[in-house]
Each structure stands twice: as structure tokens, then as C-alpha cells.
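Below is one structure, written out as C-alpha cells; comments come after it.
Naming convention: chains lettered A, B, ... in sequence-line order (proteins, then strands); numbering from 1 in each chain.
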Number of protein chains: 4
Amino acid sequence: MIPPKDKPTFIEEARRKQIIDAALQTIAEQGYTQTSFAEIAKGLGITKGLIAYHFNGKHDLITSAIHTILNRQGAYIKERVDAQENASDKLRTYVEASVEYIEQNRAHFVALVDLWGSFTSPEEKTAFSETAYDPCRAHLQKIFRIGLEQGEFGGFEPQGISAIIQGGIDGVMLQWVFDPSAVNLKEAGHELAEMFVRRCKK
Amino acid sequence: MIPPKDKPTFIEEARRKQIIDAALQTIAEQGYTQTSFAEIAKGLGITKGLIAYHFNGKHDLITSAIHTILNRQGAYIKERVDAQENASDKLRTYVEASVEYIEQNRAHFVALVDLWGSFTSPEEKTAFSETAYDPCRAHLQKIFRIGLEQGEFGGFEPQGISAIIQGGIDGVMLQWVFDPSAVNLKEAGHELAEMFVRRCKK
Amino acid sequence: MIPPKDKPTFIEEARRKQIIDAALQTIAEQGYTQTSFAEIAKGLGITKGLIAYHFNGKHDLITSAIHTILNRQGAYIKERVDAQENASDKLRTYVEASVEYIEQNRAHFVALVDLWGSFTSPEEKTAFSETAYDPCRAHLQKIFRIGLEQGEFGGFEPQGISAIIQGGIDGVMLQWVFDPSAVNLKEAGHELAEMFVRRCKK
Amino acid sequence: MIPPKDKPTFIEEARRKQIIDAALQTIAEQGYTQTSFAEIAKGLGITKGLIAYHFNGKHDLITSAIHTILNRQGAYIKERVDAQENASDKLRTYVEASVEYIEQNRAHFVALVDLWGSFTSPEEKTAFSETAYDPCRAHLQKIFRIGLEQGEFGGFEPQGISAIIQGGIDGVMLQWVFDPSAVNLKEAGHELAEMFVRRCKK
DNA sequence: AATGAATGAGCATTCATTCAT
DNA sequence: CATGAATGAATGCTCATTCAT
């Protein structure tokens with residue numbers, strides 16, 4: 001028998017990445033509902049059959065696209081947070097790096113807002129919550145733990161605050177996605193960072 | 001000569017409201033992309049032709065649905081904010097009433113998150129921003145103005161802070177939409193309210 | 001029992017005429033396929049239900065509209081032909097009056113060309129032929145008979161020539177309907193008239 | 001880089017031709033308004049999706065169908081006219097070949113009369129006039145020019161006469177489409193040909 | 001005589017998906 | 001790996017027609 005499905009070939013991975021990037025681009029430009037396999041394929045000079053060949057259906061493509069966005073942003077943030085010494089700076093950096101990444105990758109977040117609507121059942125919604133929000137909140141809580149252990153932070157409930165911080169970032173991003181001129185992202189990031197750091201300090 | 005648009009009849013208005021509510025229900029349950037005229041009609045025991053009869057196409061229906069959500073929430077908040085005397089209480093109330101209304105109308109906000117993806121062009125996105133966010137930020141800024149005039153508030157930039165406050169509310173709501181068990185909405189509202197009031201006070 | 005369906009009331013007739021004229025107008029402007037009851041009603045300030053009330057379905061309306069065009073044109077031509085003394089002048093007048101009437105009622109003939117396509121079955125086509133062409137060809141043959149009896153005409157086969165004369169008129173009209181600048185209707189009528197008169201004269 | 005429009009494959013062309021022929025058949029039998037993609041597909045044993053795959057919408061299909069009729073007839077006529085030596089024979093042949101082709105392809109012309117109604121806007125009507133009538137009139141005028149140069153023809157205005165000749169053919173065809181027993185096409189063609197040749201000769 | 005609410009069948013069109021080549 | 005032909009189900013929408021008021 002042929003082995004079930006081992007390590008993907010190099011070209012396989014390259015194609016997937018290429019298709020995902022084209023999909024994000026198209027979603028950002030035309031919206032999720034207008035983004036068909038044919039549309040993605042057209043912008044890439046390939047056929048829609050090929051997309052179906054590399055992904056297990058549309059759901060797979062969308063899921064992969066979201067993971068891509070999230071992983072890239074997560075890596076960007078982690079790198080910068082890890083470079084900070086104390087918890088206050090880590091928290092500040094978390095917020096500001098989040099916002100920076102968003103600003104530098106507008107299309108991704110325009111697409112992401114669109115894709116939120118692609119999770120229909122409660123199960124899918126919960127699953128998205130787990131892949132998207134849990135890691136973020138966990139990262140924040142890790143920063144809190146450091147701050148608490150070092151006596152830098154105190155007087156708050158980590159779980160709740162983590163949701164609020166992440167929410168602040170996402171909510172500001174959302175307004176900026178709909179109208180970039182309505183919100184000054186960088187300043188909002190600054191303000192958020194300072195407000196949260198003050199809140200968490202003893 | 002003849003007025004171009006006669007006032008809608010009673011039955012007309014009732015049907016529209018009925019269809020909008022059913023649409024919101026269906027969107028919350030099945031997602032926007034799965035919500036067809038046929039699906040809405042089925043749940044209502046009417047034909048899809050009737051929906052087309054009462055709405056000028058799908059865009060009209062979902063626009064009306066969004067306005068319905070927004071107007072109801074806006075009225076709920078305004079009523080409570082207006083009952084408060086000073087700016088701090090108004091601000092606190094704004095945040096807490098927002099969250100309360102969200103909690104009491106989960107389906108509406110599940111639907112709303114889905115509907116964000118229905119605005120494809122930049123123009124539609126901007127238009128949504130104007131109907132959805134501008135009034136909220138304007139309301140907040142009116143509260144700030146009162147606080148500033150009465151010497152209660154100070155030391156911040158109203159425009160920027162209004163986006164942040166609204167963003168905080170929306171961002172927390174978003175997480176709760178995906179997984180209600182991940183966030184304690186009421187507590188988050190409390191925390192947000194206190195944090196923002198403290199930030200705005202002199 | 002109520003008498004089956006006696007003489008239509010005055011208002012009934014007025015409404016029918018009004019609706020038929022509006023229908024012809026709309027067909028000429030928007031084309032037959034775009035002409036719905038709703039469209040006709042809109043241009044008239046009434047409801048589409050009323051059209052359905054006055055006509056036994058769309059087929060009845062279309063048939064009545066065609067008869068209206070044909071009858072008006074027939075009356076116009078007959079009046080002018082009857083005023084002529086000899087067969088040559090009658091024939092000349094038949095052709096030129098036909099073309100004159102067409103030129104003065106462009107919308108009617110734009111509509112008529114569109115409506116040709118509304119007869120689907122062979123039976124309907126034959127029926128149209130009988131109401132539209134038979135009277136025309138019969139009229140022409142009556143003119144021929146006069147010419148033959150008076151020794152003015154001769155050397156042709158009335159039946160065949162009648163079809164050719166009518167065809168010439170219709171064919172030129174058709175080109176003019178599609179592009180009025182492509183054909184000089186009046187001159188074409190003149191030329192046709194002269195050619196046919198010469199052909200029929202001994 | 002890549003050429004924008006690759007040459008259509010063999011199967012592509014075959015399918016298009018097959019679908020066009022089936023469409024003409026269905027239009028001739030059931031009328032244009034009754035001719036849906038579903039109806040055409042049913043008669044062909046394929047799905048309506050396939051028609052949409054091969055044509056850019058209904059407009060593309062019927063435009064292609066009309067061009068097919070016109071091109072085939074045009075080629076048929078040209079071949080026979082070119083075989084004639086002098087202008088009189090060319091003109092005679094033009095008329096008679098037109099009528100012959102019509103007689104041999106009744107369904108095409110039944111369909112064509114129906115399709116006249118598918119051009120709704122003035123722009124579409126003019127465009128049809130240009131593709132359908134302009135080449136015919138131009139061909140006739142080319143024949144006239146030969147006749148004039150060789151001193152065979154004279155005493156008429158080419159532009160006007162070309163419209164009249166084409167109109168005669170079309171008008172007779174029209175009557176025959178509605179009722180084939182009302183007109184003897186071949187004899188009418190003969191008569192028309194003789195009348196026009198006599199008219200054009202000096 | 002007239003309305004407007006409601007129907008239900010039909011329409012062109014879109015699209016993810018399948019599959020032989 | 002990749003293509004392009006083909007499917008079939010679904011979608012928003014149109015419209016003549018019916019009917020209670």
C-alpha cells in the first residue's frame with residue numbers, strides 16, 4: 001500500500017502558501033462572499049481545479065488562511081515581547097506590537113473580519129475561539145504571571161483582564177478596518193498600552 | 001403631484017419587522033452565508049417571494065436588520081445614560097448598558113459579527129462605519145464634553161478615547177460571541193467602566 | 001343567472017384603452033421582455049392587480065395591443081386610399097400612407113417588432129398572420145381588382161404581388177425600427193410606390 | 001506575458017456550436033421567451049450549468065446564435081453571387097439565394113424573428129442593425145457599383161435601393177415565417193429579383 | 001372598480017466539487 | 001501536478017396571477 005499521507009512535498013507547501021496569500025488578498029479586496037475558487041485562481045494564473053486539489057474543500061482553505069494570519073501575528077508579537085525584560089514592558093510591547101502588525105498588514109485584517117462570519121455552528125465558533133483567542137489570552141496571562149511573581153503587578157484578576165486587553169486591541173482594529181481614517185491606530189495602541197500598564201501595576 | 005413615497009401600511013411595517021427578526025434569528029443560528037431568503041421564509045411559514053416583495057433585495061434586508069440592531073441598542077443605552085446626572089456616571093452607564101444589552105440579545109450580536117462580512121467594497125465599509133460607529137463615538141464625545149465643561153473630566157483627547165472605549169466594548173463582545181464561556185461579560189463591563197472613568201477623571 | 005358578459009361599461013373601455021397605450025409605450029421603451037404588469041402599472045399610477053382585472057391575462061393584453069396598432073393603421077390607410085379615384089393612385093397611396101403612419105407612430109412599430117416574438121406556437125403564428133397580414137393583402141388585392149376591371153392594371157398575379165408589396169413596406173419599416181438613421185423612410189416609401197405602380201400597370 | 005485569450009479548444013468550439021444549434025431549435029419551436037437554459041439543456045441531455053460554463057450569460061448565447069445564422073446565410077449568398085459574371089446576374093442571384101437559404105433553414109428564421117425582440121435598448125438595436133443589415137446593404141451596394149462601372153446599371157440611388165431590396169426580402173420572409181402557406185417564397189423571390197433588376201438597369 | 005398582500009413557479013447565474021486526461 | 005469539462009444544488013430575484021377587502 002501507499003503510505004497514507006506523509007510529509008508534504010516542497011512544491012505542495014509552496015503552492016498552499018501561494019494560494020493562501022492569494023486568497024487573503026482577494027478576500028480583502030472583494031469580500032469573502034465574492035471570493036470564489038475561480039476568483040482566487042484567476043489572480044494566480046492557475047485553475048480552480050488546482051485549488052481543490054491542494055485543499056480539502058473551501059473550509060480547509062479558509063481555516064488555513066486564518067491560521068496563517070494568526071501564526072504570523074503571534075510570531076511577530078512573541079519575538080518582540082520576549083526581548084523585553086520586565087512585565088510592564090512586555091505588556092506594553094504586546095499591545096503595541098499587536099497594533100503595529102495590524103497596521104502593516106491591513107489586508108490580512110480586512111480579510112479576517114470578513115472571515116469571522118464563516119464559522120456558522122457553535123462548534124466552529126468555539127473552535128475558532130480556541131485557536132484565535134486562547135493563545136492570545138494565555139500569552140497575556142503569562143506576562144501577568146511574570147509581573148505578579150516579580151511583585152511588579154497586582155490587584156487584578158488575570159483571566160478577566162486578559163480578555164479586556166485583547167478586546168481593546170481587536171475593537172480598535174475593527175473600527176480601523178471599516179474606516180482607516182476614523183481611528184489613529186498607533187496612538188490608540190499607545191493609549192491602550194499605557195492604560196493597561198497603569199491598571200496592572202500595583 | 002402625487003407624493004413619491006406613501007407612508008407604509010400597518011401590515012407592511014409588521015411584516016418587515018417580522019421578517020427582519022426571523023432573518024436575525026436565522027443568521028445567528030446558521031450564519032450569514034447559509035441564510036437565504038428560502039431559509040428565512042421557511043422558518044416563518046411564508047414564501048420567499050414575499051420577502052422579495054417587502055424588501056428591495058437582500059442588501060435592503062440585511063441593511064435594515066443591522067439598523068434594527070443598532071437602533072434598538074442605541075435607544076436602550078441612551079435612555080439609561082440620560083437618566084444619569086454627572087459625566088462619570090454617564091460614562092459608566094454607557095459602558096455597562098452597552099454590555100447589558102449585548103448580554104440580553106446574544107443572537108443579535110452573533111448575527112452582527114456575521115454581517116460585518118457582508119460589506120464588500122470600501123464604500124460599503126465606510127458607510128457601515130458611519131452608521132454604526134460614528135453615532136457611538138459621537139455619543140461618547142458628548143459625555144466627555146459634559147464632563148469637561150463641569151470640570152469633572154480632563155487630560156485626554158476625546159476623539160481618540162471614544163474609539164478606544166467603543167473598541168473595548170466591541171472587542172470583549174466579539175470574544176463572547178465566539179465563546180460565551182470564555183468571557184464574563186458583566187464583569188468585563190464593570191472593569192472596563194471603572195478603568196475608563198478613572199482614565200477620564202482629572 | 002347573471003348575464004354572461006354584456007356590453008362593457010364606458011369606464012371599462014376607457015381603462016382598457018389607457019392600459020393598452022401605456023403597454024405599447026413601455027414595450028417600445030423597454031422591450032417586451034422587460035415589460036411586466038408592474039412596469040406598465042407604474043407608468044400609469046395604478047396597481048398591477050388592476051391590469052389583471054381588466055385583461056384576461058398577459059396574452060389578452062398583448063393581443064389587444066397588437067389589434068389596436070393594426071386597426072389604427074388600417075383605418076388610416078383605408079381613409080386615404082378610398083379618397084383616390086383610380087387604381088394606380090390607390091396603390092401609390094396605400095404604400096405611402098402605410099409608411100407615413102409608421103413614421104408618425106414610431107413607438108407602435110418598435111413595440112410591434114418586439115411583439116412578433118410573443119407568438120410561440122404555430123397556431124398563434126397563423127392566427128397572427130390572419131389578423132395582421134390577411135386584411136392587408138386583401139386590401140391590396142381589392143385595389144388590384146379595381147385596376148384590372150378598369151383595364152388599368154395587368155400582367156401579374158395578384159396574390160403573389162400583394163405579399164411582395166406588403167413585404168416591401170414591412171421590411172423597410174423593420175430596418176428603420178432598428179436604426180432610424182439607416183433608412184430614409186419617406187423616400188423609400190416613394191420609391192416602393194413608384195416601383196410597384198409601374199410593375200402593375202399594363 | 002501570457003496571451004490574454006488562448007485559442008479555444010476543439011471541444012470548446014464543438015460544444016458552443018452544439019448549444020447554439022439547440023438554442024435555435026428551441027427558440028424556433030417554443031419561442032424566445034419560453035427558451036430557458038434549462039429547456040435548451042434538456043433537449044441536449046446536458047445540464048444548464050454547462051451552458052453557463054461555455055457562454056458568458058444569455059446575452060452571449062443569443063448574440064452568438066444570431067451571428068451564426070447571419071454568417072451562414074451571408075456565406076451562402078456570397079458564394080453564389082461571386083460565381084456570377086455581370087451585375088444583373090449578381091443582383092438576381094443575391095435575391096434568389098437569400099430566399100433559397102431562408103426556405104432551406106426555416107427554423108433559423110423563425111428563431112430570428114423571435115430574437116428581434118431581444119434587443120431592448122436603442123443601443124442594442126443599433127448594434128444589431130450594424131451587424132445584421134449593414135453588411136447586407138454593403139454587399140448590395142458593391143453589386144451596384146460593379147453594375148454602374150460597367151454601364152449596366154444606372155438611374156437610381158444605391159443607398160436607398162439597397163435598403164428597399166433587403167427590405168423586400170425580409171418582409172416576404174416575415175410573412176412566410178408566420179404562415180408558410182400564405183406566401184410562395186420561391187415565386188416571390190423570382191418576382192422580387194426581376195423587379196429589382198429591371199429597376200436598376202438603365 | 002380598485003388595491004395590495006401573497007403565491008409559486010420559473011429564471012439566469014454562481015460555485016464548490018469531481019474526475020478523466 | 002495540473003487542467004478544463006462537467007455537474008448539480010443553491011441563490012436572489014421576477015412576475016403573472018389570485019384574492020380578500
TODO: Grab the CG-C1' distance between D60(C) and dA16(F) for me, whole Å please.
DONE: 13 Å
- [ ] Any salt bridge (charged side-chain N to carboxylate O under 4.0 Å, His left out) involving residues 44-63 of chain C? Give me the pairs, sequence neighbours left out, ordered by first then second residue.
- [x] R16(C)-D60(C)
Open item on the list: Counting primed atoms plus P, OP1 and OP2 as sugar-phosphate and everything else as base, spell out the protein contacts along nucleotides 11-21 of chain E at 4.0 Å heavy-atom distance: B, S or - for each nucleotide, 5' to 3'.
Closed with: SBBBSBBB---
Open item on the list: Measure CD1/I62(B) against C1'/dT11(F) and give the value in whole Å, please.
Closed with: 15 Å
Open item on the list: Looking at dA5(E), I'd like to know if its phosphate oxygens (OP1 or OP2) sit under 4.0 Å from a side-chain N or O belonging to T9(B).
Closed with: yes
- [ ] Check the distance between dT3(F)'s C1' and K42(A)'s NZ and give it to me in whole angstrom.
- [x] 18 Å
Open item on the list: Please find the pair of heavy atoms, one from D114(A) and one from W116(B), that lie closest to each other, and give the distance.
Closed with: OD1-O, 4.1 Å
Open item on the list: Going by the rule side chain to side chain donor-acceptor pair (under 3.5 Å), which residues pair with H59(D) if we only count those two or more places apart in sequence or in a different chain?
Closed with: E124(D)
TODO: Could you pull out all residues at least two apart from T126(C) that satisfy side chain to side chain contact (heavy atoms under 4.5 Å, CB included)?
DONE: E130(C), D179(D)
Open item on the list: Just the rounded figure in Å: distance from P of dA5(F) to CZ of F10(D).
Closed with: 13 Å
Task: Between dC1(F) (P) and I19(A) (CD1): distance, integer Å - done: 12 Å
Open item on the list: Just to be sure I understand: a Watson-Crick pair is purine N1 to pyrimidine N3 plus N6-O4 or O6-N4, both under 3.5 Å. Using that and G-U wobbles, which stems of three or more pairs involve DNA chain F?
Closed with: E:2-21 with F:2-21
Task: H54(B) side-chain N/O to dG4(E) phosphate OP1/OP2 under 4.0 Å - done: no
TODO: Rounded to the nearest angstrom, tell me the gap between atom CZ in R16(D) and atom C1' in dA5(F).
DONE: 15 Å
Open item on the list: For G31(A) versus T120(B), what's the shortest heavy-atom pair and its separation?
Closed with: CA-CG2, 4.1 Å
- [ ] Quick one: closest heavy-atom pair of K125(A) and V177(B), and the distance?
- [x] CD-O, 4.0 Å
- [ ] For A111(A) and A28(A), work out which heavy atoms get closest and say how close.
- [x] CB-N, 4.2 Å
Open item on the list: Test: side chain to side chain donor-acceptor pair (under 3.5 Å). Region: residues 19-33 of chain D. Which pairs qualify, not counting sequence neighbours?
Closed with: K17(D)-D21(D), D21(D)-R72(D), Q25(D)-E29(D), Q30(D)-E39(D)
Task: Presence of R15(B) side-chain N/O under 4.0 Å of dG4(E) phosphate oxygens OP1/OP2 - done: no
Open item on the list: So if I take every side-chain heavy atom of I46(A) and compare against dG8(E), dA5(F), dT3(F), which nucleotide ends up nearest?
Closed with: dT3(F)
- [ ] Rounded to the nearest angstrom, tell me the gap between atom CD1 in I51(A) and atom P in dA2(F).
- [x] 12 Å
Open item on the list: Testing the basics here: between A22(B) and I40(B), what is the closest heavy-atom pair and its distance to 0.1 Å?
Closed with: CB-CG2, 4.0 Å
Task: Euclidean distance, atom CD of residue Q18(C) to atom C1' of dA1(E) [Å, nearest integer] - done: 13 Å
Open item on the list: Using a heavy-atom cut-off of 4.0 Å across all strands, would you classify I11(A) as base, sugar-phosphate, or nothing?
Closed with: sugar-phosphate
